[in-house]
Amino acid sequence: MIDSTPRRLLLLAHYADGEDARHFSLRIEQPLAADNNVVPGQFFMLSLPGIGESPFTYLTPPDAEGRFNALVRRTGKLTGALFEQPTGAILGYRGPFGRGWPLFFCSSRILLVAGGCGLAPLAGVIDEAYRHKLPAQLRVVYGARHSEAQVLGRERARWRQQLPFIETLDHARPGQRQGTPLAYFDEVFAEQAPDALLCCGPEPLMLASAEACLQRGLSANKIWISLERRMHCADGLCGHCYLGTSYVCQEGPTYRYDRYLALLGDRPPSAETHYRFC
Ligand SMILES: Cc1cc2nc3c(=O)[nH]c(=O)nc-3n(C[C@H](O)[C@H](O)[C@H](O)COP(=O)(O)OP(=O)(O)OC[C@H]3O[C@@H](n4cnc5c(N)ncnc54)[C@H](O)[C@@H]3O)c2cc1C
Ligand code: FES
């Protein structure tokens with residue numbers, strides 16, 4: 001039987017990190033083995049007693065003491081209440097859930113494209129590449145509406161020193177790169193054609209990025225996106241997160257693009273739906 005009882009989660013600290021976004025440090029009071037095996041891109045359910053429960057991505061995976069970080073954008077009831085919680089507050093935790101990004105650093109040149117808060121689910125991929133001393137394999141293009149809307153200020157300052165990191169703004173000031181991430185694909189592909197794309201952000205950005213990469217010769221089985229769906233149980237029981245015949249909480253939130261298209265019924269399903277290609 002699935003145990004859906006939340007475990008205790010301690011709020012260690014939080015600070016403002018972009019417009020309507022806060023950076024949270026949290027600690028699972030009694031971490032389990034699964035908490036130490038989190039893959040970037042997986043998610044957890046955070047609950048506030050009397051208010052509700054919502055899914056969030058791990059910004060950093062839990063360490064041996066259960067400490068991890070998350071970036072939260074204020075959108076409504078639960079996130080609004082979370083922003084008001086004091087240090088030391090006890091929250092609820094369930095997880096980890098879903099499947100993370102494929103981590104295929106051995107031979108691939110990977111393009112990461114993020115929009116807005118979509119940088120958070122990709123943060124672990126960047127840090128993991130750096131940990132394996134392979135940041136040269138990565139190119140990041142991060143888009144936001146304007147500079148105040150950019151998130152992960154401390155991490156971006158560090159990443160700019162570690163790897164090619166292009167930041168684009170829909171409303172740029174002089175000296176900043178104007179436009180969406182797509183406006184820089186020609187430059188990125190001319191410099192180093194990627195073998196794979198991992199993309200997270202608003203769905204229109206992800207779909208446009210995937211199609212732009214297809215047009216430049218990348219095949220759909222080398223493209224990954226991360227979907228955001230309404231989640232209730234996160235255990236494959238309630239069906240709130242359906243994408244065609246797939247439960248996003250179980251098979252997602254990351255999907256290989258050919259699998260995603262097949263689920264939409266757009267293109268023929270690939271015979272091979274297994275992930276890791278390295
Ligand atoms: C796998 C996954 C990972 C996520 N990771 C993060 C994260 O790292 N950081 C972060 O800030 N947010 C993340 N989200 C989104 C986050 O779960 C929602 O913003 C949150 O549930 C909103 O709760 P609320 O009670 O504050 O807002 P509500 O009052 O429930 O809703 C406010 C508004 O947001 C819309 N909304 C809420 N949830 C969703 C959703 N899942 N999809 C589309 N629209 C929605 C509602 O329709 C409404 O318009 C993630 C979602 C998923 C599915
Ligand atoms: S959230 Fe209930 S089945 Fe996915």
Side-chain angles (χ1 to χ4, degrees), residues 2-4 6 9 11 14-26 38-62 68-85 91-101 114-127 142 144-145 149-153 155 198-207 224-255 260 263:
I2 293 171
D3 181 5
S4 295
L9 184 71
L11 174 49
H14 54 109
Y15 61 85
D17 194 359
E19 196 175 65
D20 274 333
R22 292 190 80 80
H23 189 296
F24 285 83
S25 298
L26 304 155
V38 164
V39 173
Q42 285 191 288
F43 71 96
F44 64 98
M45 299 295 284
L46 183 148
S47 51
L48 276 173
I51 296 183
E53 189 183 44
S54 281
F56 299 97
T57 312
Y58 301 90
L59 189 57
T60 56
F68 68 98
N69 297 310
L71 182 89
V72 177
R73 191 186 57 223
R74 186 205 301 262
T75 50
K77 205 168 126 207
L78 182 125
T79 48
L82 182 62
F83 276 31
E84 304 306 322
Q85 295 298 306
L91 316 170
Y93 168 92
R94 293 194 296 128
F97 293 112
R99 295 189 190 182
W101 302 104
C117 288
L119 187 57
L122 289 167
V125 177
I126 303 173
D127 286 338
Y142 172 49
R145 278 173 288 119
Q150 291 180 302
V151 297
L152 301 182
E155 287 78 2
L198 307 185
C199 186
C200 188
E203 220 152 303
L205 171 70
M206 291 194 290
L207 303 189
W224 294 79
I225 59 176
S226 180
L227 298 180
E228 216 175 270
R229 288 291 181 274
R230 278 280 186 191
M231 304 230 173
H232 283 206
C233 69
D235 278 322
L237 298 173
C238 73
H240 275 93
C241 64
Y242 271 140
L243 169 70
T245 54
S246 173
Y247 293 104
V248 176
C249 68
Q250 305 282 288
E251 188 183 346
T254 63
Y255 281 89
Y260 167 79
L263 285 165

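Both ligands and their constituent atoms are indexed starting at 1 by order of listing.
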Considering only the protein, which heavy-atom contact is closest to [atom], and what is its distance?
atom                    : answer
atom 25 (O) of ligand 1 : L78 N, 2.8 Å
atom 18 (C) of ligand 1 : T75 OG1, 4.2 Å
atom 26 (O) of ligand 1 : T79 OG1, 2.5 Å
atom 29 (O) of ligand 1 : K77 N, 3.2 Å
atom 23 (O) of ligand 1 : S54 OG, 3.4 Å
atom 5 (N) of ligand 1  : T57 OG1, 3.0 Å
atom 31 (O) of ligand 1 : R230 NH2, 3.8 Å

Could you tell me, atom by atom, which parts of ligand 1 come under 4.0 Å of a heavy atom of [X]?
X    : value
L71  : 7 (C), 8 (O), 9 (N), 10 (C), 11 (O)
R73  : 10 (C), 11 (O)
R229 : 41 (N), 53 (C)

Atom 13 (C) of ligand 1: of G41, C200, P55, the nearest heavy atom sits on P55
Restricting to heavy atoms, the pick from M231, H240, E53, E228 nearest atom 42 (N) of ligand 1 would be E228
Checking the side chain of R99 only, and the main-chain atoms of V39 only, is there a donor and an acceptor separated by less than 3.5 Å?
no
Could you tell me whether the side chain of W101 and the main chain of P121 form a donor-acceptor pair under 3.5 Å?
yes
The answer for which part of F43 has a heavy atom under 4.0 Å from ligand 1 is side chain
[X] vs [Y] side-chain heavy atoms within contact, under 4.5 Å:
X    : Y    : result
I225 : L207 : yes
L82  : L91  : yes
R73  : V151 : no
S54  : T79  : no
Y142 : L122 : no

Gap separating the OG atom of S226 from the CD atom of E203, nearest 0.5 angstrom:
10.0 Å
Would you call the rings of F56 and F44 parallel, tilted or perpendicular, where under 30° means parallel and over 60° means perpendicular?
tilted
If the plane angle is over 60° it's perpendicular, under 30° parallel, otherwise tilted; pick one for H14 and F24.
parallel
Decide if the gap between the ring center of F43 and the ring center of Y58 is smaller than 6.0 angstrom.
no
Could you check L119 against Q150 for side-chain contact (heavy atoms from CB on, under 4.5 Å), going step by step and ending with a plain yes or no?
CA-CA 9 Å; L119 187 57; Q150 291 180 302; over 6 Å; no
Report the C-alpha separation of L46 and V72 in whole Å, then their side-chain angles, then the decisive distance to 0.1 Å, and conclude whether the side-chain contact (heavy atoms from CB on, under 4.5 Å) test is met.
CA-CA 11 Å; L46 183 148; V72 177; 6.0 Å; no
Can you list, by chain and residue number, the protein N, O or S atoms under 2.8 Å from atom 2 (Fe) of ligand 2?
C233 SG, C238 SG
Counting both backbone and side chain atoms, is some N or O of G76 under 3.5 Å from an N or O of ligand 1?
yes
Hey, is atom 44 (N) of ligand 1 under 4.0 Å from any protein heavy atom?
no
Looking at atom 49 (O) of ligand 1, tell me if a protein heavy atom falls under 4.0 Å from it.
no
Is it the case that the side chains of T60 and D127 hold a donor-acceptor pair, with the cut-off being a distance below 3.5 Å and no angle test?
no
